[in-house]
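What follows is a set of notes on a single structure, which appears directly below.
Naming: A, B, ... by sequence-line order, numbering from 1 per chain.
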Amino acid sequence: MSRQIVTRFAPSPTGMLHIGGVRTALFCWLFARKHGGRFILRIEDTDLSRSTDDNIRIIEEGMAWCGLDWDEGPVVGDASQWKGPHGPYRQMQRMDLYKAKIQELLDKNLAYRCRCSREAIEERRKTVEAAGKVFQYNRGLDAGKGCAAAHHDASQPAAIRFRMPESGDIVVPDLIKGDTRFPADSLDDWIIARTGDGPGEIGVPTYNFCVVVDDTHMQVTHVIRGDDHLNNTPKQIPLFAAFGYDLPAFAHVPMILGADGAKLSKRHGATSITEYQAMGLLPSAVRLALARLSWTPKIDGKAVESAEEELLTDEQMIQLFDLADCQKSAARFDMDKLQWLNQKLIQRSTWQELEPHLRPFVMEVSKGAWEAKSDVWKAQAIQCTQKGKSLTDMAEALRFAFERPAAFDEKAVEKFMTPVAKLALRDLAGLTDYSHEGLEAGFNAILERHGLKTKDLAQALRVALCGKPVSPGIYDTLMLVGRDEVLARLERWL
RNA sequence: GGGGCUAUCGUCUAGGGGUCAGGACACCGCCCUUUCACGGCGGUAACACGGGUUCAAAUCCCGUUAGCCCUACCA
């Protein structure tokens, strides 16, 4: 019988939630959901100097905004609580377990205390490199110079190193990259626990150690992570073996690069998930765009072949997701595609689906006036701006409905505010039926009376109402502004 | 320096010994149009380089180059 699939996302709370991390989390989430498994959120906060509670909150909020819900992990807003049977899910709260496991290795002589100071190691490194060799602790020219042979000065605090195999290859089986071999002699005895506070004490364990213990104790079956960790895996595999742990399956997903092919960083623009949120993107669009980087969904063995097929729902993504259809190479982040996806997804949403996402943006534009509007009004406002690329575009396109034009586009005034157009505008003030049909009928009657084309009146009206020749459909514009306000805005032109 | 990963239009990719090398985004053009958009139609554009193997290589092998990752008492 096969175990339930378990994946995990294990960020360290040392800054904002990076879009690359979100993508990794998304893959873990898709994989778990597809197989009816569990998805764990684990906080890797063993870097004491950089980890903060605030950053943990940022991770939790970012994940929640993206719709990546976790089955096990921290409970938002309460560090002492967690959900799931293998907690706690913050590594600093798991110290007792780590220390016990390290003691176990020490007892079996699979690890040893190291009292070499940084300075001493630096000096030995220089010696080795001066001889044209690569420095590796307790390897090659450095063999026998370290603490492996045990000259215990028990009165000194010590770090702890893991004894790595010295020969042969370490093979990393990987669902995306295939089997990857690492020569054991390219690795050395690495530190599993930092220098302790006092003699005989075990310090804070390091990342590569905690991952192995946690992934096993949390019963993770599939370790899906960024391929920057591929090189860490050969360090971890002998540790699994030392504990007698089963190896989980590994899948190292390619990195996301900036438009210029360099690692995605701040200078490329937005890297933090909250920035994407602020740009007026739908979380569903972010999910789709991120998923489509390095993953090609295949329907009956065939890659998606049309714009229509590109627009997968979450359900479809979950159903179609397969690590075998993932790219091995890094992908550049394409903002244009994200925006296109966003636009398409906005278009196919109902106004009710859109409203909660649009709300914060339009509340700002309207200074809170949005809230008081009727559902009928909101529906119309949303539907007539639903062609926008982003929620910010939509909110901006609605600004005219909430405030009078601060200025008038001079060129437009000159072009459209002709004497005859003003005459027509005067007639327009007489319209009382602000239903779509009523407006259309009244509009046409006025046009006929003055021998004008739709464009002539519509543009003059846009200028008068919005200050510029751009707005939603002219009847929508009139209805959203409302008769009283239309008359008020028209006054100065009559 | 050592080790690892990667390489098809500008971008994301399909294809994986014989294809006019396919699609999507972007871009360009035309059409539609009460503005801005949306939409419709069409177009430009790629197998990193060099050697092999083979009747035949984008596809298999080797090398080169380039990019990225690891090489921390960071994760």
Cation-pi check, R399(A) onto F402(A) ring (under 6.0 Å, within 45° of axis): no
Sugar-phosphate only, base, or nothing, as touched by H229(A) at under 4.0 Å among non-hydrogen atoms: base
Sugar-phosphate, base or nothing in reach of T296(A), heavy atoms under 4.0 Å: sugar-phosphate
Nucleic acid contacts - residues 9-23 of chain A versus RNA chain B, non-hydrogen atoms under 4.0 Å: S12(A)
Any residue of residues 459-468 of chain A with a heavy atom less than 4.0 Å from an atom of RNA chain B: Q459(A), R462(A)
Residue pair I58(A) / G15(A): nearest heavy atoms and the distance that separates them: CG2-O, 4.5 Å
Row check, Y137(A) ring normal vs R161(A) NZ/CZ: under 6.0 Å, within 45°: yes
C1' atoms of C47(B) and C12(B), separation to the nearest Å: 16 Å
Touch class at under 4.0 angstrom, heavy-atom based, for R50(A) against every strand present: base
Nearest heavy atoms of P205(A) and R194(A), plus distance in Å: O-NH1, 3.0 Å
Separation between CZ of F209(A) and CG of D214(A), rounded to the nearest 0.5 Å: 9.0 Å
Sugar-phosphate only, base, or nothing, as touched by Q343(A) at under 4.0 Å among non-hydrogen atoms: sugar-phosphate
Sugar-phosphate, base or nothing in reach of D188(A), heavy atoms under 4.0 Å: nothing
More than 12 heavy atoms of other groups within 6.0 Å of K99(A) NZ: yes
Sugar-phosphate only, base, or nothing, as touched by N232(A) at under 4.0 Å among non-hydrogen atoms: base
Minimum-distance pair of heavy atoms, taken over all atoms of I170(A) and P234(A): CD1-O, 3.5 Å
P gap between U65(B) and C28(B), integer Å: 39 Å
Sequence neighbours excluded, every pair satisfying side-chain hydrogen bond (donor to acceptor under 3.5 Å, both in side chains) that has a member inside residues 443-452 of chain A: D427(A)-R449(A), D427(A)-H450(A)
Sugar-phosphate, base or nothing in reach of P183(A), heavy atoms under 4.0 Å: sugar-phosphate
Whole-Å P distance, G18(B) and A24(B): 24 Å
Q327(A) or T180(A), whichever maps to the more 5' nucleotide of RNA chain B: T180(A)
Glycosidic conformation of C61(B), taking syn as within 90° of 0 and anti otherwise: anti
Touch class at under 4.0 angstrom, heavy-atom based, for K415(A) against every strand present: nothing
salt_bridge(R118(A), E122(A)) N-O dist < 4.0 Å: no
Touch class at under 4.0 angstrom, heavy-atom based, for P234(A) against every strand present: nothing
Positional range of nucleotides in RNA chain B within the contact set of chain A, heavy-atom, under 4.0 Å: G1(B) to A75(B)
Sugar-phosphate only, base, or nothing, as touched by T46(A) at under 4.0 Å among non-hydrogen atoms: sugar-phosphate
Touch class at under 4.0 angstrom, heavy-atom based, for K455(A) against every strand present: sugar-phosphate
Inter-nucleotide C1' distance (G17(B), C74(B)), Å rounded: 47 Å
E123(A) atom CD, over 12 foreign heavy atoms within 6.0 Å: no
Whether Q347(A) side chain and Q386(A) backbone form a donor-acceptor pair below 3.5 Å: no
Sugar-phosphate only, base, or nothing, as touched by Q386(A) at under 4.0 Å among non-hydrogen atoms: nothing
Inter-nucleotide P distance (G23(B), G43(B)), Å rounded: 9 Å
Step-by-step ring-ring contact (aromatic ring centres under 6.0 Å, His included) determination, Y207(A) to H229(A): CA-CA 11 Å; Y207(A) 163 79; H229(A) 287 296; 5.2 Å; yes
Sugar-phosphate only, base, or nothing, as touched by A159(A) at under 4.0 Å among non-hydrogen atoms: base
Earlier contact from the 5' end, RNA chain B, for E44(A) and I176(A): I176(A)
Residue list, salt bridge (Lys or Arg N to Asp or Glu O under 4.0 Å) with E308(A), at least two apart or on another chain: R348(A)
Touch class at under 4.0 angstrom, heavy-atom based, for S306(A) against every strand present: sugar-phosphate
Pair R42(A) + D215(A): basic N to acidic O under 4.0 Å: yes
RNA chain B contacts among residues 121-134 of chain A, heavy-atom distance under 4.0 Å: R125(A), V134(A)
Atom pair CH2/CG of W190(A) and L239(A) - distance to nearest 0.5 Å: 5.0 Å
